[in-house]
Asker: 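One structure, pasted below without further comment.
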Amino acid sequence: MDDVEKAILISFDESGAIDSELKLQAVNFCQKIKETPSICSLCIEKLCFCKLVQVQFWCLQALQEVIRVKYGSMSLEEKNFIRKSIFSMACLEGINDKMCVVLDSPAFIKNKLSQVLVTLIYFEYPLIWSSVFVDFLPHLSKGAVVIDMFSRLLNALDDELVSMDYPRTAEEVAVAGRVKDAMRNQCVPQIVRAWYDIVSMYKNTDPETCVTVLDCMRRYVSWIDIGLIVNDAFIPLLFELILVDGLSEQLHAAAAGCVLAVVSKRMDAHSKLSLLKSLQISRVFGLVSDDNDSDLVSAIAALITGYAVEVLECSKRVNTEDAKVISMELLDEVLPTVFYVMQNCEMDAAFSIVQFLSGYVATMKTHSSLQENQMLHISQILEVIRTQIRYDPMYRNNLDMVDMIGVEEESRMLEFRKDLFVLLRNVGRVAPEVTRIFIRNSLASAISSSSDKNAEEVEAALSLLYALGETMSDEAMRVGNGLLSELVTNLLSTRFPCHSNRLVALVYLETIARYMKFIQENVQYIPLVLAAFLDERGIHHPNIYVSRRASYLFMRIVKLLKSKLVPFIETILQSLQDVVARFTSMNLASREPAGSEDGAYVFEAIGLLIGMEDVSLEKQSDYLSSLLTPLCQQVEVTLMNAKALNPDESSLQIANIQQIIVAINALSKGFSERLVTSSRPAIGHMFKQTLDVLLQILVVFPKVEPLRTKVLSFIHRMVDTLGASVFPYLPKALEQLLAESEPKEMVGFLLLLNQLICKFSTLVRDILEEVFPTIAGRVFSAIQRVVDSSVTETNTEEIRELQELQKTLYTFLHVIATHDLSSVFLSPRSRDYLTSIMQLLLHTSCHHKDIVTRKACVQIFIKLIKDWCAKSSGEEKVPGFKSFIIETFATNCCLYSVLDKSFEFGDANTLVLFGEIVLAQKVMYEKFGDDFLVHFVSKGFPSPQNLAEQYCQKLKVSLCKYQMCSVACFHGQRGIF
């Protein structure tokens with residue numbers, strides 16, 4: 001072993017036993033050898049004598065790199081030497097009377113040798129080395145070794161150059177075209193003849209060689225003359241290899257792959273149809289009914305489905321009546337086997353079941369009525385859909401426990417089912433009655449054979465029924481028919497033994513909810529619906545995921561049926577007694593805090609039921625009192641004992657209070673403002689007492705952010721429920737909320753004030769004047785950190801919270817200004833912040849990156865000008881404000897910001913902003929007259945000609961665009977009317 005071989009072995013070593021420094025030296029040594037002039041001679045010599053596969057691979061790799069990089073600079077003699085040597089190795093010929101050992105090496109060495117040959121072909125075929133393929137053919141008589149090498153060469157040519165399955169450069173595409181054209185003209189017929197002879201000769205003695213040849217041939221069918229394959233010699237041979245017993249399964253499958261390549265070859269539709277008919281493909285149908293897991297069955301399945309796809313495509317493209325008839329006959333012949341394959345065999349990844357079946361169903365849309373065989377095919381398509389949407393039982397436990405595997409499988413199936421349900425809708429449009437009957441029968445079958453072991457079948461049948469409901473309009477659902485009534489009755493009256501299964505329980509409830517429009521018109525089914533949701537199939541299901549979903553769906557059902565449920569209120573409340581007791585009982589230690597929102601939908605449903613005016617005042621008061629009193633008592637007891645609790649107990653009680661607030665909040669959603677303030681004020685009084693209790697939480701737990709958030713949410717709710725009668729509670733509530741507010745909480749606080757202003761307008765003036773100075777101080781102090789923060793800090797959570805606060809502040813100021821409350825800014829305690837507010841609004845109106853925010857700030861200025869400025873001769877309401885507007889706002893916002901490059905008139909929002917800026921100028925002119933105009937021109941245009949022209953030009957462009965938008969809107973409105 002010489003130094004070169006040692007260096008190569010060391011460089012390939014992966015054992016870790018070699019010192020890294022030594023390995024690096026070896027790699028560098030090998031690299032230097034590649035750069036020597038004699039590298040090609042060295043490599044070929046090593047390939048002739050050395051049996052070390054590492055050395056062989058390195059030498060072949062080096063040769064390929066040298067040819068790729070240095071081919072243009074090689075001498076003619078060196079090119080000839082490389083060509084002759086590599087070709088001799090591939091053909092099992094000696095080099096200088098010495099036999100090369102490469103073909104005795106492992107497959108990866110022979111593959112590398114074939115790649116070197118392809119690299120030569122890339123540069124030399126056909127102009128320099130035109131006889132490469134023809135010269136190879138005589139050597140095939142040497143037997144399997146050379147045949148194998150020839151097949152590897154053709155495979156490598158396909159992989160490295162010809163196949164368009166891989167991304168190619170423009171140069172590679174051009175070379176591939178040149179090579180294919182030359183091969184078609186020169187040697188393809190001889191190669192095909194060689195394939196035929198080899199397969200005929202070796203089919204009984206060396207099936208492995210035949211498989212190699214057929215797999216190679218399959219790659220070339222797509223671009224060679226199809227007549228070389230589709231003839232009286234080759235096609236019978238291929239079908240013989242598929243059908244005759246006694247041959248290897250791999251050989252059967254390889255022959256089927258070649259026939260599939262023939263079937264898939266692109267050609268004129270009429271020619272393709274003739275070809276497909278001549279194949280008599282029905283000969284292979286019987287092969288898919290044996291062992292469905294074998295390679296042969298997979299290959300035959302791929303052949304049959306590929307054939308069906310091509311026939312369907314031909315039926316769309318042929319333009320004669322006879323051809324259409326033939327295509328439909330071929331489809332009718334192959335479809336039953338296709339359906340069998342879809343349901344029982346492993347499908348080829350390249351075949352899309354949904355795409356094929358959708359294409360077939362689309363052909364039926366042109367028929368006024370379906371024939372008997374088409375109706376049969378529709379039923380089979382529906383059976384395929386049912387089979388495909390069924391979960392694999394092997395995942396049953398994972399799906400029930402919702403572990404990682406279960407979550408992944410459920411997500412996969414949800415995505416997979418989307419297209420299948422689209423197909424179901426299409427089938428339903430073509431054959432609605434057949435679809436409904438099939439779904440009815442599926443449900444009946446699931447009911448009759450239901451057991452714990454067939455949960456997947458039941459789930460699939462229910463999913464089909466749910467999907468059917470999705471295809472029906474609200475009107476069709478309300479009217480219903482005999483079949484729909486039968487389906488709903490069967491659904492509601494059935495208790496599946498597998499109902500404990502999570503997926504079955506969920507789709508069962510979702511399906512009932514889907515058909516609620518029908519039940520709304522057929523109230524006789526209401527007791528069955530209530531039973532399904534209130535017993536162990538729904539809210540009382542042992543699986544927490546099912547019971548949570550059932551609670552939400554039940555709330556939706558109550559919201560839909562509402563007054564129709566009045567006769568059942570007692571029954572419903574009795575059924576939910578244990579659920580309610582989990583909140584109203586004093587013993588909450590067993591509840592997990594993680595489920596703090598679990599009871600929200602149940603309480604919302606109860607609120608919707610008992611909050612109706614159809615319920616008598618006496619009963620309504622009793623119901624509400626029985627719920628609110630124990631809940632409030634728990635809060636009061638907890639608050640009284642708060643100081644005596646240890647940290648663990650305190651944490652648990654805080655979580656319990658959160659649950660209680662969520663429950664009360666949800667309960668209150670069922671009570672309207674009119675009911676609690678006008679028609680039944682006693683009910684309103686109960687909610688006021690509750691609010692009074694919950695506000696104590698802010699006093700006892702002033703720094704517990706989750707509790708503060710929940711109480712704030714409840715105040716929002718009470719504003720909507722109690723209306724103006726909530727006012728006496730607001731000062732105390734706002735004081736407590738404001739006392740410990742962080743930036744994140746301040747956002748919620750401002751949103752509450754926005755709600756109050758929008759609902760009560762000027763009635764909240766006194767409250768607003770009281771809290772505004774504190775708000776301004778806190779917010780301006782906080783958002784200053786946004787201004788001061790560096791670019792690198794802008795992605796931190798704290799900065800994002802402050803940016804959200806700043807955004808909410810703009811909305812808050814805008815709501816104040818536009819609800820006739822601008823005087824709040826001028827109150828004695830707020831005046832200290834007036835300058836800061838004006839500067840913030842000015843800067844934002846000119847420079848903020850969000851155009852909508854800029855527009856809001858301009859609108860605020862417009863409103864303030866209208867509120868605070870009298871006509872030109874009038875007295876100033878706010879000293880200095882007029883001069884600030886004329887000297888600062890007008891020039892900076894109304895002129896310079898418009899002339900800035902960032903002001904893009906092509907943007908719709910920017911155009912709206914400009915409209916507000918123009919309106920601001922109009923208002924300033926109305927209020928200030930010539931004072932505004934003189935200053936705007938003299939100070940705003942120090943170089944009048946230049947800037948004035950720019951401004952006028954932008955104004956003209958914007959007005960033009962504005963007019964175009966107006967015309968478009970006008971025509972759009974005319975179109976509507």
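Computed from a predicted model, the values in this text were never measured in an experiment. Values below: every heavy atom of this structure, side chains too, minus hydrogens, waters and symmetry copies.
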Asker: Between Gln755 and Asp720, is a side chain to side chain donor-acceptor pair (under 3.5 Å) present by the stated rule, with each step listed?
Answerer: CA-CA 9 Å; Gln755 179 193 17; Asp720 284 336; 3.3 Å; yes

Asker: Which atom pairs, donor and acceptor, lie under 3.5 Å between side-chain atoms of residues 675-684 and protein residues at least two apart or in another chain?
Answerer:
from: Thr677; atom 1: OG1; to: Glu673; atom 2: O; distance (Å): 2.5
from: Ser679; atom 1: OG; to: Leu675; atom 2: O; distance (Å): 3.3
from: Arg680; atom 1: NH1; to: Val615; atom 2: O; distance (Å): 2.6
from: Arg680; atom 1: NH1; to: Gln620; atom 2: OE1; distance (Å): 2.7
from: Arg680; atom 1: NH2; to: Glu613; atom 2: O; distance (Å): 3.2
from: Arg680; atom 1: NH2; to: Val615; atom 2: O; distance (Å): 2.9

Asker: Tell me the ring-ring contact (aromatic ring centres under 6.0 Å, His included) pairs involving residues 823-855, sequence neighbours left out?
Answerer: Phe772-Phe825, Tyr810-His848, His843-His847

Asker: Are Phe889 and Phe884 close enough that their ring centers fall under 6.0 Å?
Answerer: no

Asker: Give a yes or no on whether the backbone of Val637 and the side-chain of Asn641 come within a donor-acceptor separation of less than 3.5 Å.
Answerer: yes

Asker: Give me the one residue out of Val923, Ile917, Asp867, Thr818 that meets side-chain contact (heavy atoms from CB on, under 4.5 Å) with Ile862.
Answerer: Val923

Asker: Hydrogens and angles aside, do Ser713 and Asn665 bring a side-chain donor and acceptor to less than 3.5 Å of each other?
Answerer: yes

Asker: Report yes or no: does Ser621 contribute a side-chain atom to a donor-acceptor pair with the main-chain N or O of Leu617 at less than 3.5 Å?
Answerer: yes

Asker: In terms of side-chain geometry, is the basic nitrogen of Lys744 or Glu804 positioned less than 4.0 Å from the acidic oxygen of its partner?
Answerer: no

Asker: With sequence neighbours excluded, what pairs up with Ser830 under the side chain to side chain donor-acceptor pair (under 3.5 Å) test?
Answerer: Ser827

Asker: Would you call Glu769 and Arg829 a salt bridge, taking side-chain N to carboxylate O under 4.0 Å as the test?
Answerer: no

Asker: Does Val635 reach the side chain of Gln696, with side-chain heavy atoms less than 4.5 Å apart?
Answerer: no

Asker: Are Thr638 and Gln634 linked by a side-chain donor-acceptor pair shorter than 3.5 Å?
Answerer: no

